[in-house]
Amino acid sequence: MKKRLKKIFDKVIEVLFAVCLVAVTWLAVEVFCITSFSIPSDSMEPVLKAGDNIWVEKLSYGTRLFDVTEALKGNRVEVKRLPGFGKVKRGDVVVFHNPCPHEWMKLEMDLMKYYVKRCAALPGDTFYIENGIYKVKGYDKPIGDVERQQEFSQTIDREGYDGNHPLMRVYPDSRFTGWSPQTFGPFHIPQCGDSIPMNERNVLLYRNVIEWEQRKDLVWQDEEALLGGEAITGYRFKDNYYFMVGDKVENSRDSRYWGLVPEDFIVGKVWKIWKSVDKYTDEIRWERIFKEVKYIFEQSDISIINKYLTLNSFIK
């Protein structure tokens, strides 16, 4: 009887050990390698559709390490990033924390709120929009769906643009810059170590970024910049930043409206769609399952891009 009980006990221990091993392995994969997200909206169509579930791999850009418990409480945490196999590239489809989850123009890292967008400009780039088309100075390849950008610009021409409306006001504030979804920038995207003079224009463009880095208020008062009440004449950035956009330009709240994404906010690179369910019919879209996300927008032939889009499935 004792031998039988011992065998049962040993078997239970073996099963529990196997379950714990699987759980630890799954957790390690989620933390260091690949995690899953669902797509709630259509801002990256046709690459990603609402109802897609995606795998996001973290190894390309390097896995982030930080105090998750403190971050979930809403506290500011220090983020360390392990070495990755590469870096963010223009055209990559990226998952990152919503930069302004609670207040417009105020950078905060909320672990429970995410965006999926395409990287349009890298640290050190000068980004601008000319006649509705996204451009980076010195870079002659298309960024995003150019034909869709042109169509959106034509729609604005027909219907007009209200830069005073809060939902239409582009970053940092179209009432003062005159920028719009058709004519935007030039806007220098800061990289770590960049220095800028602190004039009225740069206070307007980079106030939220500097306040995020310094945890102090920045204001332009009496013809000088005051950071935490002290006058400054220049500033050196501590982090890298990115300009992110949605492929569905007419229906995407992105860097055109809320500004830059700090490197610490980037989770990883979208890899595959592992499940896709039509949110209106609850039917599984089998043709999208296990489709890899392609970064074809670095091609210069837009006709090839549009032809490719009709034959393949993509992401947001």
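Since this is a predicted model, take the numbers as computed values, not measurements.
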Are any side-chain N or O atoms of Ser153 and backbone N or O atoms of Gln149, one a donor and one an acceptor, separated by less than 3.5 Å? no
Can you measure from CG (Leu226) to NZ (Lys216) and round to the nearest 0.5 angstrom? 12.0 Å
Taking C-beta and beyond as the side chain, do Tyr242 and Ile189 meet within less than 4.5 Å on heavy atoms? no
Any donor-acceptor N/O pair, Arg64 side chain to Asp264 backbone, under 3.5 Å: yes
Which residue, Val56, Ile266, Thr35, forms the side chain to side chain contact (heavy atoms under 4.5 Å, CB included) with Val95? Val56
Hey, does Gln214 have a side-chain heavy atom less than 4.5 Å from the side chain of Lys238? yes
Have a look at Tyr171 and tell me which of Tyr257, Trp258, Phe187 forms a ring pair (Phe, Tyr, Trp, His ring centres under 6.0 Å) with it. Phe187
Phe243/Arg256 under side-chain contact (heavy atoms from CB on, under 4.5 Å): CA gap, chis, key distance, verdict: CA-CA 8 Å; Phe243 198 94; Arg256 295 172 297 166; 4.2 Å; yes
At their closest point, which heavy atom of Tyr61 faces which heavy atom of Gly268, and how far apart are they? CE1-C, 3.6 Å
Drop me the distance from Ile196's CD1 to Asn202's CG, to the nearest 0.5 angstrom. 4.0 Å
Validation row, ring centre Phe37 to ring centre Trp274 under 6.0 Å: no
Kindly work out whether a path of hydrophobic side-chain contacts (I/L/V/M/F/W/Y, heavy atoms less than 4.5 Å apart) joins Trp104 to Val170. yes
Among Asp247, Asp145, Asp92, which residue satisfies the side-chain hydrogen bond (donor to acceptor under 3.5 Å, both in side chains) criterion with Arg118? Asp247
With side chains defined as the heavy atoms from C-beta onward, is the minimum distance between Pro190 and Leu260 less than 4.5 Å? yes
Indicate yes or no: at least one non-hydrogen side-chain atom of Ile273 is less than 4.5 angstrom from one of Asn53. no
For Glu108 and Pro101, indicate whether the former's side chain and the latter's backbone hold a donor-acceptor pair under 3.5 Å. no
Under 3.5 Å: donor-acceptor pair, side chain of Glu263, backbone of Asn240: no
I'd like to know whether Arg285 forms a side-chain contact (heavy atoms from CB on, under 4.5 Å) with Asp52, so could you lay out the CA-CA distance, the side-chain angles of the two residues, the decisive distance to 0.1 Å, and finally the verdict. CA-CA 9 Å; Arg285 294 182 290 224; Asp52 285 346; 3.4 Å; yes
Considering non-hydrogen atoms only, spot the tightest contact between Ala71 and Val77 and give its length. N-CG1, 3.7 Å
Do Asp217 and Arg207 pass the salt bridge (charged side-chain N to carboxylate O under 4.0 Å, His left out) test, and can you show the C-alpha distance, the side-chain angles, and the key distance before you say yes or no? CA-CA 8 Å; Asp217 291 335; Arg207 178 179 60 82; over 6 Å; no
Distance col, row Met105:CE vs Glu211:CD, nearest 0.5 angstrom, shows 8.5 Å
Flag the pair Arg76 / Arg215 as yes when at least one side-chain heavy-atom distance between them is below 4.5 Å, and no otherwise. yes
Decide ring pair (Phe, Tyr, Trp, His ring centres under 6.0 Å) for Tyr241 and Trp212; before the verdict, give the C-alpha distance in whole Å, the side-chain angles of both, and the deciding distance to 0.1 Å. CA-CA 12 Å; Tyr241 295 87; Trp212 164 256; 9.0 Å; no
Contact summary for Gln191 and Pro123, nearest pair of heavy atoms: CB-CB, 3.4 Å
Does some side-chain heavy atom of Leu107 sit less than 4.5 Å from a side-chain heavy atom of Pro262? yes
Treating Ile, Leu, Val, Met, Phe, Trp and Tyr as nodes and any side-chain heavy-atom pair under 4.5 angstrom as an edge, say whether Phe290 and Ile284 lie in one connected cluster. yes
Can you see which heavy atom on Ile289 is nearest to which on Ser276, and at what distance? CG1-N, 4.2 Å
For the ring pair Phe184 and Tyr128, is the centre-to-centre distance below 6.0 Å? no
With side-chain contact (heavy atoms from CB on, under 4.5 Å) as the criterion, how do Tyr134 and Val245 come out once you've worked through the C-alpha distance, each side chain's angles and the decisive distance to 0.1 Å? CA-CA 10 Å; Tyr134 300 167; Val245 296; 3.8 Å; yes
Side-chain heavy atoms under 4.5 angstrom apart, residues restricted to Ile, Leu, Val, Met, Phe, Trp, Tyr: same cluster for Leu204 and Phe127? no
Check for a donor-acceptor pair, side chain of Glu57 on one end and backbone N or O of Ser60 on the other, with a separation under 3.5 Å. yes
More than 12 heavy atoms of other residues, nucleotides or ligands under 6.0 Å from CD of Glu200: is that the case? no
Least distance between heavy atoms, Trp220 atom then Met198 atom: CZ3-O, 3.5 Å
How close do Glu213 and Asp239 get, heavy atom to heavy atom, and via which atoms? OE2-N, 3.1 Å
Between Asp254 (side chain only) and Gly246 (backbone N and O only), is there a donor and an acceptor less than 3.5 Å apart? yes
Could you tell me the separation between the CD1 atom of Ile143 and the CD1 atom of Ile133, rounded to the nearest 0.5 Å? 10.5 Å
Note, Arg288 side chain near Lys49 side chain (heavy atom, < 4.5 Å): yes
Would you say the side-chain atoms of Lys117 and Ser43 include a donor-acceptor pair closer than 3.5 Å? yes
Given the rule in the side-chain contact (heavy atoms from CB on, under 4.5 Å) test, do Glu250 and Arg148 qualify, once you have shown the distances and angles that lead to the verdict? CA-CA 8 Å; Glu250 71 273 21; Arg148 198 160 200 163; 3.2 Å; yes
Return yes if some donor-acceptor pair links the side-chain N/O of Asn199 with the main-chain N/O of Arg201 below 3.5 Å, else return no. yes
For atom CG of Asn75, decide whether the heavy atoms of other residues, nucleotides or ligands shown that lie under 6.0 angstrom number more than 12. yes
When clusters are formed by joining ILVMFWY residues with side-chain heavy atoms under 4.5 Å apart, either directly or through shared neighbours, do Ile210 and Val219 land in the same one? no
Tyr206 with Phe176, same ILVMFWY side-chain cluster at under 4.5 Å: no
In Å and rounded to the nearest 0.5 Å, what is the CG to CZ distance from Asp194 to Arg236? 9.0 Å
Would you say that Asn98 contacts Asp110 through its side chain, given a criterion of any heavy-atom pair below 4.5 Å between the two side chains? no
Judged by atom type as modelled, is there a donor-acceptor pair below 3.5 Å linking the side chain of Tyr114 to the main-chain atoms of Leu111? yes
Take a 6.0 Å sphere around NZ of Lys113 and say whether it holds more than 12 heavy atoms from other residues, nucleotides or ligands. yes
Would you give the length of the straight line joining atom CG of Leu59 to atom CG of Leu82, rounded to the nearest 0.5 angstrom? 9.5 Å
Residue Glu283 excluded, over 12 heavy atoms near CD under 6.0 Å: no
